[in-house]
A.B. asks: 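Below: one structure in structure tokens.
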Amino acid sequence: MKKFMPIIYVIAFVIGIIFIVTADTGLITSYYPALIAGIIISCFARVFLAIYLYVWHKQSK
């Protein structure tokens with residue numbers, strides 16, 4: 001499971017970016033909910049990915 005976590009974080013980050021980019025088209029949902037969801041998903045995925053990479057870097061030394 002530990003090996004799949006960075007992949008899950010990257011996928012969540014990409015999904016958040018897709019929400020943000022397609023917010024004005026109404027493809028997923030209306031503008032504000034898609035924008036807010038994309039920002040929240042991207043921020044949390046980015047933070048968790050940074051934490052994971054930091055811990056991995058510390059353990060590899």
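Along the sequence shown, residues are numbered consecutively beginning with 1.
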A.B. asks: Got a second to check how far Ile20's CD1 is from Ile40's CD1, nearest 0.5 Å?
C.D. replies: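 That separation rounds to 10.0 Å.
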A.B. asks: CZ of Phe48: more than 12 outside heavy atoms within 6.0 angstrom?
C.D. replies: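 No, because the 6.0 Å sphere around CZ of Phe48 holds 12 heavy atoms or fewer from other groups.
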A.B. asks: Could you give the distance from CD1 (Ile17) to CD1 (Ile39), rounded to the nearest 0.5 Å?
C.D. replies: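 Ile17 CD1 to Ile39 CD1: 9.5 Å, rounded to 0.5 Å.
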A.B. asks: For residues Val55 and Phe13: do they belong to one hydrophobic cluster (side chain heavy atoms under 4.5 Å, members Ile, Leu, Val, Met, Phe, Trp, Tyr)?
C.D. replies: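 Hydrophobic grouping puts Val55 apart from Phe13.
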A.B. asks: State, yes or no, whether a side-chain contact exists between Ile41 and Phe19 at a heavy-atom distance under 4.5 Å.
C.D. replies: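 Yes; the side chains approach each other to less than 4.5 Å.
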A.B. asks: With the 4.5 Å side-chain cut-off for hydrophobic clustering, are Ile18 and Tyr32 part of the same group?
C.D. replies: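 Looking at the clustering, Tyr32 is in a separate group from Ile18.
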A.B. asks: If you take all heavy atoms of Ala23 and Leu35, which pair is closest and at what distance?
C.D. replies: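 That closest heavy-atom pairing would be CB-N, 4.0 Å.
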A.B. asks: Which heavy atom of Pro6 sits nearest a heavy atom of Tyr52, and at what distance?
C.D. replies: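 Smallest interatomic distance, heavy atoms only, reads CG-CE2, 3.4 Å.
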A.B. asks: According to side chain to side chain contact (heavy atoms under 4.5 Å, CB included), who are the partners of Thr25, at least two apart in sequence or on a separate chain?
C.D. replies: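 Once residues adjacent in sequence are excluded, the partners of Thr25 under the side chain to side chain contact (heavy atoms under 4.5 Å, CB included) criterion are Thr22, Leu27.
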A.B. asks: Are Phe44 and Val10 connected into the same hydrophobic cluster when the rule is that any two of I, L, V, M, F, W, Y join if their side-chain heavy atoms are below 4.5 Å apart?
C.D. replies: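 Val10 clusters together with Phe44.
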